[in-house]
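Here the structure is laid out as structure tokens; the discussion comes afterwards.
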Amino acid sequence: MCSIMGYCSKEAVRELFMKGFQQTISRGPDDSRVIDTGNGLLGFHRLSIMGLTPSGMQPFELDGSYVVCNGEIYGFQKWKDELSEKYTFQSESDCEILLPMYREYGVEMFAKLDAEFACILYDGETQEYIAARDPIGIRPLYYGYDEKDAIVFASEPKNLVDIVKEIMPFPPGHYYKDGEFICYCDIAKVEKVLSDDLETVCKNIHDKLVAGVEKRLVADAKVGFLLSGGLDSSLVCAIAAKKSEKPIRTFAIGMSEDAIDLKYAKQVADFIHSDHQEIIITKEDVLSSLETVIHLLGTYDITTIRASMGMYLICKAIHEQTDIRVLLTGEISDELFGYKYTDFAPDAAAFQKEAEKRIRELHMYDVLRADRCISVNALEARVPFGDLDFVKYVMAVDPELKLNKYGKGKYLLRHAFEGDYLPEGILWREKAAFSDAVGHSMVDYLKEYAESYYSDEAFEEKRQKYSHAQPFTKESLLYREIFEKYYPNQAKMIVDFWMPNKEWEGCNVDDPSARVLANYGDSGK
């Protein structure tokens, strides 16, 4: 990961900019640079992943125009070869192609990129700022307006707290130009439902996910893998193991007393012959890290915070104990293929509508969690299930095929990888939520702590202070109060709590954990 920031005003105060920018130096600890464009400030904290030499340092400049980008541009060499006929490149960095591409294609270039990215570009010719974000929002970008209505962009909300009035997430799949946010790709929208039969669909799912993993193995820095033992991360690891010449490095985490997934992660690691490491955490580790995690996340969402406890601690251990710089993860599978609660979808149209909603909101939940927990530990996240070609294809598959009519959730994904990728018991194992699978005790400890923190009377009184996303349990109130300590009056950055669709029969629950659903069954075993 890297960190970018742009204060788009001649009146930008450098001291104020620097104070905000320094908040995210852990995203890019290798080098830092701030330049004055003549019409504002651009800043870049670098984590060296591609093109490790100093020539890969940003901002990149071309004839008075500048760009900073936090991203990975896949297949960039093809663009570089094409553009080399007119432009001279100084580095091996993938992001150096952006200014030449902008010169050739203007803002149309964003729709051409196969990338996880957020960028801020200063056009020296027109003296205007342009910003853009990838279609899923895998790379973070936020914005707000200062007291004089100048726009400020930054990788994280903590960069902007003392500069702007209201912090908002930059909408994924949009670019900003001439004061407007313009959609260049709504990846959740399906123009035409595919008529492919089940076997064709599964073959395409297999081939496209393999391609998504393969392109994310390319890095000049060392790559590792988070392995929970669940289907999604296990598939990513299994594919990578097949594509790698030497054993991949995998990491799993669990509570000291009841880690559900550690044994499954070990089974996968043994099967794919990975170099595997377990990280064991305790109640004290979890509770002592809670405030840190909420601060780094910039959210009060229950699910996101619960799932972040284990992810933050495993990434912290990887950072402290290894020389890994890139981590592949299993996020975004659930939104595409279904959760436990989508088994309750009343019909295919409802399933598809829910998937579209979740994909559009991902940047506020699971994707946010992965980005912050990994980047705060000076690592880079790569998300194969978020491959643009893969997401577009799965979203367009007939939702009738995606409904759980098979007696097993995510049937299409499981069927697609039957064979020698994973042990049968892993491939067909029921899903357990990551926050629960780290150990049911972890969530129970958090809930118990919150219960002891507030009396019933104090809970009722304190929760009434909030109108947007009003806390509805003592746990959610605790998280909200910590959030407000660091991000006062900025709750609208998150649209609401991530919860099952309460309109569906069987889903009107008061806890986001799949453990409370009637169909949880064998998931926690």
Side-chain angles (χ1 to χ4, degrees), residues 136 187-188 190 193-194 196-214 216 225-243 261 264-265 267-268 271-272 328-343 345 348 351-352 354-356 358-359 362 366-367 370 382-434 437 514 519 521-523:
I136 294 173
I187 200 162
V190 176
V193 175
L194 294 170
D196 295 350
D197 62 61
L198 185 139
E199 294 304 325
T200 303
V201 164
C202 289
K203 182 182 186 306
N204 287 329
I205 285 171
H206 171 279
D207 293 350
K208 290 177 184 295
L209 184 59
V210 168
V213 172
E214 198 166 11
R216 284 162 179 80
F225 300 80
L226 296 185
L227 175 58
S228 72
L231 175 67
D232 309 328
S233 66
S234 297
L235 278 177
V236 170
C237 292
I239 295 166
K242 282 182 176 290
K243 297 294 180 181
D261 271 357
Y264 298 113
Q267 285 178 27
V268 175
F271 189 83
I272 65 173
L328 269 67
T329 75
E331 274 76 27
I332 310 182
S333 171
D334 292 340
E335 290 75 17
L336 294 170
F337 294 101
Y339 301 84
K340 296 298 290 185
Y341 84 84
T342 55
D343 287 358
F351 180 99
Q352 185 72 12
E354 191 74 6
E356 290 178 11
R358 290 305 184 200
I359 289 293
L362 252 176
D366 273 14
V367 162
R382 293 188 181 177
V383 191
F385 281 101
D387 186 78
L388 299 184
D389 183 50
F390 183 77
V391 172
K392 287 174 184 174
Y393 181 80
V394 177
M395 287 300 293
V397 167
D398 186 344
E400 285 286 353
L401 293 178
K402 289 182 277 191
L403 284 175
N404 186 0
K405 300 179 291 186
Y406 315 93
K408 186 70 68 173
K410 295 187 178 179
Y411 176 80
L412 298 182
L413 183 60
R414 298 177 197 272
H415 184 47
F417 284 91
E418 285 190 279
D420 62 348
Y421 280 92
L422 292 170
E424 286 287 299
I426 298 292
L427 185 66
W428 295 99
R429 179 185 159 228
E430 286 289 351
K431 175 183 173 57
F434 177 57
N519 65 338
D522 293 333
S523 297

Short question: side chain of [X], backbone of [Y] - any donor-acceptor pair under 3.5 Å?
X	Y	answer
K402	V394	yes
K208	D389	no
N519	K340	yes
R216	R382	no
R414	L231	no
Y406	L401	yes

Using a 4.5 Å cut-off on heavy atoms from C-beta on, say whether the side chain of [Y] contacts that of [X].
X	Y	result
L198	L412	yes
I332	V367	yes
L422	V268	yes
V210	Y421	yes
D261	S228	yes
V201	Y393	yes
E335	V391	no

Quick one: closest heavy-atom pair of [X] and [Y], and the distance?
X	Y	result
A188	E356	O-CG, 3.4 Å
P384	V213	CB-CG2, 3.6 Å
F225	C237	CB-SG, 3.6 Å
L227	A265	CD2-O, 3.5 Å
A396	V190	CA-CG1, 3.8 Å
P399	Q352	CB-OE1, 3.7 Å

What distance do [X] atom [atom1] and [Y] atom [atom2] have between them, rounded to the nearest 0.5 Å?
X	Y	atom1	atom2	result
E331	I136	CD	CD1	12.0 Å
D232	T329	CG	OG1	9.5 Å
D398	D196	CG	CG	10.0 Å
K392	I359	NZ	CD1	13.0 Å
L413	I205	CG	CD1	6.5 Å
D334	Y339	CG	OH	5.5 Å

**Report entry** Which residues share a side chain to side chain contact (heavy atoms under 4.5 Å, CB included) with D207, sequence neighbours left out
**Finding:** K203
Query - Salt-bridge contact R358-E354 (side-chain N to carboxylate O under 4.0 Å) - result: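 Here R358 pairs with E354 in a salt bridge, since their nearest N and O are under 4.0 Å apart.
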Requested in this report: Check whether more than 12 heavy atoms from other residues, nucleotides or ligands sit under 6.0 Å from atom NZ of K242, and answer yes or no.
Outcome: yes
Query raised in the report: Should the pair F390 and F385 be assigned to parallel (<30°), tilted (30 to 60°) or perpendicular (>60°) ring geometry?
Result: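 Correct class here is perpendicular.
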